[in-house]
Amino acid sequence: MNKLCSIFFVLMMSLQLAAQAPDWYSAASRKAHYPQNDWYIGYVEGEQRENEDIEETFSRLKDDARAELATTIITTIKHSSQYLSRSDMQLSSNYFEENIKESIATETEISSFINDIPEVRPEIYRIPKGKSIAAFASLKKSIASNFYIRKIEDINTRINEALVIIDYLIKNQERIKAGEELKNAKENLTQSSEYYKLLLIFGCNADKINTLQSQRTEIEHKIRQKLSFLSLYTESICILCGGAAYDFSCSQIVDKIKGNMSELSCSFTDDPSQADWIINFRLKAETDNTRSNSKEKFVKVSITGSAYCVNKKTTYPLYSEEYDSALSSPKAAEVILRRGKLINGITNDIINILKSK
């Protein structure tokens, strides 16, 4: 009788433990609840390390489960024939595989993307009668697809809104600011491309793919049109400079400023009568011992001037200065200018004025 009770107790405990175990704990259960056609999964087991509290162990194992999930995705992608047989996108094999190769190359990159998906939440299970701890991460392919569809659609909406603003800026002859907005739109389009490649990886309905591709083609066309227009009608800028800082000439600073402004939708002219903007500043270096009670001499290098908008007949002041100390004032002034902080500061002031007016 006692033997039967013992057997019954062990059986009941086994059933209770089995009932408490999550549906992802055993290999058979994972196969039943997370079929390969619909899910990517990552499963790991580990133990608590020395000098590691249990929360640190949980966090480490969750990260390991995410990494294993990323490995599973990469492995599935590499066996693309397996995936292509499940795809309903009606795309050619070569096109599909090419987009995969261009998009994601490593488990680390995949991990960074899947961590953005809210539904990827690794789980922990402390295995009974032992020190082992199991961790599990899963991603349903349809969830990933819908996530990236929303991302792409949100970006497309933002770009279309930006294009309306760009038209308004062009109409009001604010072409530099329009160029900056257009640059941001292009960067958003690049991000959309990355999401599109991920969408191909996780799969999507063919009609949705075609719709997104049509939207992208239309946006690209509009951006090219605006780029073409701005390239013909860029803001023309004349930079006038006077003064010097010992042997450091004003022309060196002008060349540096022009280089810093190269990404703006603008051109440069030496003729003020042909300019939309006239940047007029003066470079000056002087000894200044008023900044300290000691007898040490300070050298001050300053740039003062203005940015004048010809179309609006409006002037905006420019001013920047920097100090250094040394026995040789000319050398200190050269050090200030060569390290670029002062020049970059005045350049940023100019750019901010051009982009905001």
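The basis for the numbers below is simple: all heavy atoms, side chains too, and nothing from hydrogens, waters or symmetry mates.
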Looking only at heavy atoms, the pair that brings Ile155 and Asn188 closest together is CG2-O, 3.4 Å
Linking I/L/V/M/F/W/Y whenever their side-chain heavy atoms sit closer than 4.5 Å, directly or via other members, would Tyr308 and Tyr316 fall into one cluster?
-> no
Can you confirm whether Ser236 sits close enough to Ser267 that some side-chain heavy atom of one is under 4.5 Å from a side-chain heavy atom of the other? yes
Tell me whether Arg30 contacts the main-chain N or O of Trp24 through its side chain, where contact means a donor paired with an acceptor under 3.5 Å.
yes
Q) Does the side chain of Ser145 come within less than 4.5 Å of Leu199's, by heavy atoms? A) yes
Query - Short side-chain to backbone donor-acceptor contact, Glu56 and Asp53, under 3.5 Å - result: yes
Quiz item: Would you say Asp167 and Lys171 make side-chain contact, with heavy atoms under 4.5 Å?
Solution: no
Is the backbone of Arg49 close enough, under 3.5 Å, to the side chain of Glu52 for a donor and an acceptor to pair up by distance? yes
**Request:** Give a yes or no answer on whether the side chain of Thr72 reaches the backbone of Ile41 with a donor-acceptor pair at less than 3.5 Å.
**Result:** yes
Output for pair (Asn260 CG, Ile350 CD1), nearest 0.5 Å, gives 9.5 Å
message = Under 3.5 Å, is there a donor on one side chain and an acceptor on the other for Thr269 and Gln274?
response = no
Take the angle between the ring planes of Tyr125 and Tyr25 and call it parallel below 30°, perpendicular above 60°, tilted in between. perpendicular
Nearest heavy-atom contact between Ile159 and Leu189 is CD1-N, 3.8 Å
dist Glu153:CD -> Ser192:OG (nearest 0.5 Å) comes out at 10.0 Å
Item checked: side chain to side chain contact (heavy atoms under 4.5 Å, CB included) between Arg126 and Phe58, intermediate numbers included -> CA-CA 10 Å; Arg126 302 187 74 163; Phe58 288 169; 4.0 Å; yes
**Request:** Mark yes or no for whether Asp23, through its side chain, and Ser29, through its backbone, hold a donor-acceptor pair below 3.5 Å.
**Result:** no
When rounded to the nearest 0.5 Å, the distance separating CD1 of Ile346 from NZ of Lys256 is 14.5 Å
Full working for side chain to side chain contact (heavy atoms under 4.5 Å, CB included) between Leu337 and Gln252
CA-CA 10 Å; Leu337 291 164; Gln252 291 174 272; over 6 Å; no
Output for pair (Trp39 CH2, His33 NE2), nearest 0.5 Å, gives 11.0 Å
- Within-4.5 Å side-chain heavy-atom neighbours: Ile133 and Glu45: no
Problem - Backbone of Glu55 reached by a side-chain donor or acceptor of Ser59 within 3.5 Å - result: no
Separation between CG (Leu318) and CD1 (Ile279), nearest 0.5 Å, reads 6.0 Å
Would you call Glu322 and Arg339 a salt bridge, using N to O less than 4.0 angstrom?
yes
Quiz item: Are Lys151 and Asp154 close enough for a salt bridge, meaning some N to O gap below 4.0 Å?
Solution: no
Should we count CG of Asp271 as having more than 12 external heavy atoms under 6.0 Å? yes
Determine, step by step, whether Asn184 and Glu187 satisfy the side chain to side chain contact (heavy atoms under 4.5 Å, CB included) criterion, reporting the C-alpha distance in whole Å, the side-chain angles of both residues, the deciding distance to 0.1 Å, and the verdict. CA-CA 5 Å; Asn184 292 336; Glu187 290 173 354; 3.8 Å; yes
- Task: Check whether any side-chain heavy atom of Lys141 sits under 4.5 Å from a side-chain heavy atom of Asp38, and report yes or no.
- Result: no
| query | How about Arg158: does its CZ atom have over 12 heavy atoms from other parts shown lying under 6.0 Å from it? | reply | yes
Heavy-atom closest pair (Glu181 atom, Ile166 atom, distance to 0.1 Å) is CB-CG1, 3.6 Å
What one should report as the nearest heavy-atom pair of Val301 and Ala285 is CG2-CB, 4.2 Å
Query raised in the report: Can you find a pair of side-chain heavy atoms, one from Pro122 and one from Arg66, that are under 4.5 Å apart?
Result: yes
In short, Glu47 meets Arg60 closest at the heavy-atom pair O-NH2, 2.9 Å
**Message:** Let me check something: do Leu69 and Leu61 share a hydrophobic cluster, defined by ILVMFWY side-chain heavy atoms less than 4.5 Å apart, either directly or through other members?
**Reply:** no
- [ ] Report, as yes or no, whether the 6.0 Å neighbourhood of atom NZ on Lys258 holds more than 12 heavy atoms from other residues, nucleotides or ligands.
- [x] yes
_hydrophobic_cluster_shared for Ile351 and Ile253, side chain cutoff 4.5 Å_ = yes
Under a 3.5 Å distance rule, please check whether Thr211 uses its side chain to pair with a backbone N or O of Asp207 as donor and acceptor. yes
Quiz item: Heavy-atom distance under 4.5 Å between the side chains of Ile336 and Tyr323, does that happen here?
Solution: no
Could you walk me through whether Ile152 and Tyr196 pass the side chain to side chain contact (heavy atoms under 4.5 Å, CB included) test, one step at a time?
CA-CA 7 Å; Ile152 293 169; Tyr196 182 79; 4.2 Å; yes
Distance col, row Ile73:CD1 vs Tyr40:OH, nearest 0.5 angstrom, shows 6.0 Å
Charged N to carboxylate O under 4.0 angstrom, Lys222 versus Glu218? yes
* To do: Please step through ring pair (Phe, Tyr, Trp, His ring centres under 6.0 Å) for the pair Tyr43 and Tyr34, ending with a clear verdict.
  => CA-CA 12 Å; Tyr43 176 85; Tyr34 300 90; over 10 Å; no
- Message: Does either side chain, that of Glu321 or that of Tyr319, offer a donor lying less than 3.5 Å from an acceptor on the other one?
- Response: yes
Note: Trp277 and Val310 closest approach over all heavy atoms is N-CG2, 4.4 Å
Answer with yes or no whether the hydrophobic clustering places Ile303 together with Ile237; edges join I, L, V, M, F, W, Y residues whose side-chain heavy atoms lie under 4.5 Å apart.
yes
Distance-only donor-acceptor check, side chains Ser193 and Arg216, under 3.5 Å: yes
Would you kindly confirm whether Phe268 and Leu240 end up in one hydrophobic cluster when ILVMFWY residues are joined by side chain heavy atoms under 4.5 Å apart?
no
With a 4.5 Å cut-off on side-chain heavy atoms, are Val44 and Phe136 touching?
no
